Amino acid sequence: MPRETMAAKRERALEVARRMNEHYPAAECALVYGGDPFRLTIAVLLSAQTTDKGVNKVTPRLWERYPTPADLASADVRDVEDIIRTIGFYHTKAANVIKCAQMVVADYGGEIPRDIDELQKLPGVGRKTANVVLNEAFGIVEGIAVDTHVFRIAHRLKFAGPSADTPAKTETALLKLYPRAWWGPINHQWVLFGRETCIARNPKCGECFLCDLCPSCGKA
DNA sequence: ATCCCGAGGG
DNA sequence: CCCTCTGGAT
């Protein structure tokens with residue numbers, strides 16, 4: 001196979017993006033947070049390593065029992081643990097959720113900061129979670145949140161080469177490949193795609209809508 | 001039974 | 001780089 005030119009790669013990348021749009025039209029956040037940035041932050045934090053479904057099962061009771069950041073800031077850890085017990089990492093997350101509420105109240109006047117560095121000062125909020133919150137709650141697109149889904153997909157599509165062996169290098173490759181207008185949709189859609197089709201092991205190439213565009217397609 | 005794979009800490 | 005925290009998916 002001849003080496004793909006940059007122009008050809010860019011065209012392939014844009015076709016990938018178009019098909020993602022068709023497949024995940026106007027992707028809305030699956031988490032239940034009532035449009036409240038604080039609740040969104042907590043919900044995204046809780047959703048790490050678990051399903052949105054599992055998170056949506058516990059957050060309504062959390063909002064009911066602790067309606068405001070101030071309420072959550074003074075919560076008993078054991079009460080919060082009881083509420084979120086059915087999701088992964090609940091012990092760590094219960095402590096983080098309360099600390100987040102305390103910091104939001106004490107340092108940010110009860111409002112989630114609209115700044116990626118400030119967001120990442122909240123316990124349990126890393127770069128990925130911060131990007132999701134900025135994008136979802138405020139429509140701010142700082143970059144592309146490279147979690148393991150995006151990392152895996154970028155490498156399978158050969159949009160990131162073997163030397164792009166870190167999330168940061170992979171993000172750089174994607175930012176160069178895609179115009180800024182696509183960054184937000186990528187943040188949204190690739191995670192869905194990575195969860196249901198381009199899964200880590202035994203990817204479902206047989207039912208994949210990108211197979212003809214993918215150098216790694218197994219056509220299984 | 002093993003892998004998943006975000007954040008934080010060593 | 002290494003490891004831990006957990007329920008869920010496979």
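Below, chains carry the letters A, B, ... as their sequence lines are ordered, and counting in each starts from 1. These numbers come from a predicted model, not from an experiment.
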> Measuring from A:I144:CD1 to A:R127:CZ, what's the distance to the nearest 0.5 Å?
Replying inline: 10.0 Å
>> Are A:V16 and A:F209 connected into the same hydrophobic cluster when the rule is that any two of I, L, V, M, F, W, Y join if their side-chain heavy atoms are below 4.5 Å apart?
In response: yes
>> Tell me whether A:R19 is salt-bridged to A:E22, with the criterion being a basic N under 4.0 Å from an acidic carboxylate O.
In response: no
> Which pairs, with at least one residue in residues 71-128 of chain A and sequence neighbours excluded, count as a ring-ring contact (aromatic ring centres under 6.0 Å, His included)?
Replying inline: none
>> I'd like to know if the side chain of A:D82 reaches the main chain of A:R85, judged simply by a donor and an acceptor atom lying under 3.5 Å from each other, with no hydrogens or angles considered.
In response: no
>> At a heavy-atom distance below 4.0 Å, what parts of residues 91-108 of chain A sit against DNA chain C?
In response: A:H91, A:T92
>> Working to the nearest 0.5 angstrom, can you tell me the gap between A:I186 CD1 and A:H188 NE2?
In response: 13.0 Å
> Could A:E171 and A:K128 be called an ion pair, given the rule that one side-chain N must be under 4.0 Å from one carboxylate O?
Replying inline: no
> Quick one, which residues of residues 73-87 of chain A touch DNA chain B with a heavy atom under 4.0 Å?
Replying inline: none
> Between which nucleotides of DNA chain B, 5' to 3', does chain A make heavy-atom contacts below 4.0 Å?
Replying inline: B:dC3 to B:dG8
> So how far is it from A:E118 CD to A:M103 CE, rounded to the nearest 0.5 Å?
Replying inline: 8.5 Å
> In Å, rounded to the nearest 0.5 Å, how long is the span from CG of A:L119 to OG1 of A:T41?
Replying inline: 6.0 Å
Output side-chain donor-acceptor pairs under 3.5 Å for residues 158-167 of chain A, partner residues at least two apart or in another chain, one line each.
residue	atom	partner	partner atom	Å
A:D165	OD1	A:K169	NZ	3.3
A:T166	OG1	A:K169	N	3.2

>> Using a 4.0 Å cut-off to any heavy atom of chain A, which nucleotides of DNA chain C are the first and last in contact, reading 5' to 3'?
In response: C:dC5 to C:dG8
> Residues from residues 139-164 of chain A sitting under 4.0 Å of DNA chain B, heavy atoms only?
Replying inline: A:D147, A:T148, A:H149, A:R152
>> Between A:R18 and A:E15 (salt bridge meaning N to carboxylate O under 4.0 Å), is one present in this structure?
In response: yes
> Does the distance from A:C211 SG to A:C217 SG come in under 2.5 Å?
Replying inline: yes
> Who passes side-chain hydrogen bond (donor to acceptor under 3.5 Å, both in side chains) against A:R156, sequence neighbours left out?
Replying inline: none
> Do other residues, nucleotides or ligands put more than 12 heavy atoms under 6.0 Å from the CD atom of A:E196?
Replying inline: yes
N/O donor to acceptor pairs below 3.5 angstrom from side-chain atoms of residues 71-79 of chain A, sequence neighbours left out:
residue	atom	partner	partner atom	Å
A:D71	OD2	A:T68	N	3.1
A:D71	OD2	A:T68	OG1	2.9
A:S74	OG	A:A70	O	3.4
A:S74	OG	A:D71	O	3.3
A:D76	OD1	A:R78	N	2.7
A:D76	OD1	A:R78	NE	3.2
A:D76	OD2	A:R78	NH2	2.9

> Taking only residues two or more places apart in sequence, or in another chain, which ones meet A:N21 in a side-chain hydrogen bond (donor to acceptor under 3.5 Å, both in side chains)?
Replying inline: A:Q189
>> For a quick check of understanding: with a heavy-atom distance under 4.0 Å over all strands, which category does A:Y90 fall into, base, sugar-phosphate or nothing?
In response: sugar-phosphate
>> Counting only heavy atoms and a strict 4.0 angstrom limit, can you tell me which residues of residues 120-133 of chain A come near DNA chain B?
In response: A:L122, A:P123, A:G124, A:V125, A:G126, A:K128, A:T129
Tabulate below the donor-acceptor pairs under 3.5 Å that side-chain atoms of residues 54-61 of chain A make, not counting sequence neighbours, or state none.
residue	atom	partner	partner atom	Å
A:N56	OD1	A:V32	N	2.8
A:N56	ND2	A:A30	O	2.8
A:N56	ND2	A:D52	O	3.4
A:T59	OG1	A:V55	O	3.1

